[in-house]
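One structure below.
Because only heavy atoms are used, hydrogens play no part in the values below, and waters and symmetry mates are left out as well, while side chains stay in. We number each residue from 1, following the sequence as shown.
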Amino acid sequence: MIHLVRFKLAAYARSHRLLQPMIGLFAMLVIFYSTLTPPGKELAAYADSAGLLILVFAWAARGLLDTEPPTQRLISMTAAGRPGREIGAGLLAALIVNLGLAAIAVGLPLIHGFAVMPVSADLAGGIALHLLGLSTGTALGALTSRPILASPAVSMLVLFGGYVALLLISLTPVGRLAVPIMPWMRAANSGLLGTVLLPISAATLFWTVASLALYARLRRLNP
């Protein structure tokens, strides 16, 4: 697993695919923090960032899982001994990449973006929301990767359409039972995130685990 993760990360870096989500990440951060966030609004800014960067996290995960051609994936599965190891290594590598992107999204505003340093509770809340965002993005990116959707055009349409669908569903009354992107933005802006963070996290992680399980199942059926 460790060797496969290293191999996939190295291949991703050499392919220069990482540049695409990195450019998207910095473009969004420039827009978010083009003006300094006023005191007391740091958690709200983090909540908006975590929700909107799901698209970047999905793009990064999809790019990493798309790097290997089908023949190379079969070789990796054979070398790993079990298909599950190769599948798990790909997902773990995607999570590592997205953890790095999330660290930039959380850390950069501390250097330039906030008028004052956020309190520890707001910083912890921002980190938690970005972890939820990257887990959702990784699952969405995996389900739209080449092993699942062979057509690049269809894959991109499903990725962007899936993200828009998540946003729209989160606006409905059942939004808290899906991936509650808009509810966590509203809660952070109204200062109520602490009271809803647990159910929001539970709903997000449930759908993330279910989506990754679906991805693993589809990969086993169509390696």
**Asked** Hey, any chance V209 and L132 share a hydrophobic cluster, counting ILVMFWY side chains that come within less than 4.5 Å of each other, even indirectly?
**Response** no
**Closest contact, heavy atoms only, K8 versus A93** = CB-CB, 4.2 Å
**Asked** With a 4.5 Å limit on heavy-atom distance, are the side chains of E42 and V116 in contact?
**Response** yes
**Item:** Distance, nearest 0.5 Å, that separates CG of L214 from CZ of R219
**Value:** 12.5 Å
**Prompt:** Any chain of hydrophobic side-chain contacts (each under 4.5 Å) joining W184 to V164?
**Reply:** yes
**Request:** Please tell me if the side chains of L197 and L129 come closer than 4.5 Å, counting only heavy atoms from C-beta onward.
**Result:** yes
**Asked** For the hydrophobic clusters of this structure (ILVMFWY residues joined by side-chain heavy atoms under 4.5 Å, transitively), does one cluster hold both F160 and L168?
**Response** yes
**Message:** For L91 versus A142, what's the shortest heavy-atom pair and its separation?
**Reply:** CD2-CB, 3.9 Å
**Asked** How many angstroms lie between atom CE of M156 and atom CZ of R62, to the nearest 0.5 angstrom?
**Response** 5.0 Å
Exercise answer: donor-acceptor pairs, residues 95-102 side-chain atoms, under 3.5 Å, sequence neighbours excluded:
| from | atom 1 | to | atom 2 | distance (Å) |
| --- | --- | --- | --- | --- |
| N98 | ND2 | F57 | O | 3.1 |
| N98 | ND2 | T138 | OG1 | 2.8 |

**Prompt:** So which heavy atom on L192 is nearest to which on T195, and how close?
**Reply:** O-OG1, 2.7 Å
**Asked** Mind checking whether L4 and L92 have side chains closer than 4.5 Å, heavy atoms only?
**Response** no
Side-chain donor-acceptor distances from residues 29-41 under 3.5 Å, at least two apart:
| from | atom 1 | to | atom 2 | distance (Å) |
| --- | --- | --- | --- | --- |
| S34 | OG | I31 | O | 3.4 |
| T37 | OG1 | G113 | O | 3.3 |

**Asked** According to a 4.5 Å side-chain heavy-atom criterion applied to Ile, Leu, Val, Met, Phe, Trp and Tyr, with indirect links allowed, do F26 and M28 form part of one hydrophobic cluster?
**Response** yes
**Message:** Show, in sequence, the C-alpha distance, side-chain angles and deciding distance for L167 and I54, and conclude whether the side-chain contact (heavy atoms from CB on, under 4.5 Å) test is met.
**Reply:** CA-CA 10 Å; L167 288 177; I54 288 174; over 6 Å; no
**Item:** For the student: nearest non-hydrogen atoms of A188 and A47, plus distance
**Value:** CB-CB, 3.4 Å
**Prompt:** Is there a donor-acceptor pair closer than 3.5 Å between any side-chain N or O of Y46 and the backbone N or O of L123?
**Reply:** no
**Prompt:** Is R186 close to L171 at the side-chain level, that is, under 4.5 Å between some pair of heavy atoms?
**Reply:** yes
**Prompt:** Just by distance, do the side chain of T67 and the backbone of G63 share a donor-acceptor pair under 3.5 Å?
**Reply:** yes
**Fill in**
When rounded to the nearest 0.5 Å, the distance separating OG of S155 from CG of L143 is 10.5 Å
**Item:** Contact check, side chains of V179 and I169, non-hydrogen atoms, under 4.5 Å
**Value:** no
**Item:** Non-hydrogen side-chain atoms of L65 and Y215 separated by less than 4.5 Å
**Value:** yes
**Asked** Between S211 and W207, is there a donor-acceptor pair closer than 3.5 Å when you use the side chain of the first and the backbone of the second?
**Response** yes
**Request:** Might you point out which heavy atoms bring S49 and H130 nearest each other, and give the distance in Å?
**Result:** OG-NE2, 2.9 Å
**Prompt:** About how many Å separate CG of L25 and CD of Q20, when rounded to the nearest 0.5 Å?
**Reply:** 13.5 Å
**Message:** As a quick check of understanding, evaluate side-chain contact (heavy atoms from CB on, under 4.5 Å) for V158 and L140, giving each step before the final call.
**Reply:** CA-CA 9 Å; V158 174; L140 178 59; 5.8 Å; no
**Fill in**
Interatomic distance, CG@L55 vs CG@L159, rounded to 0.5 Å, equals 6.0 Å
**Prompt:** Are W59 and L166 connected in the hydrophobic side-chain network, where two residues link if heavy atoms are under 4.5 Å apart?
**Reply:** no
**Asked** What pair of heavy atoms forms the shortest contact from A61 to G137, and how long is it?
**Response** CB-O, 4.4 Å
**Prompt:** In Å, rounded to the nearest 0.5 Å, how long is the span from CG of L52 to CD1 of I181?
**Reply:** 8.5 Å
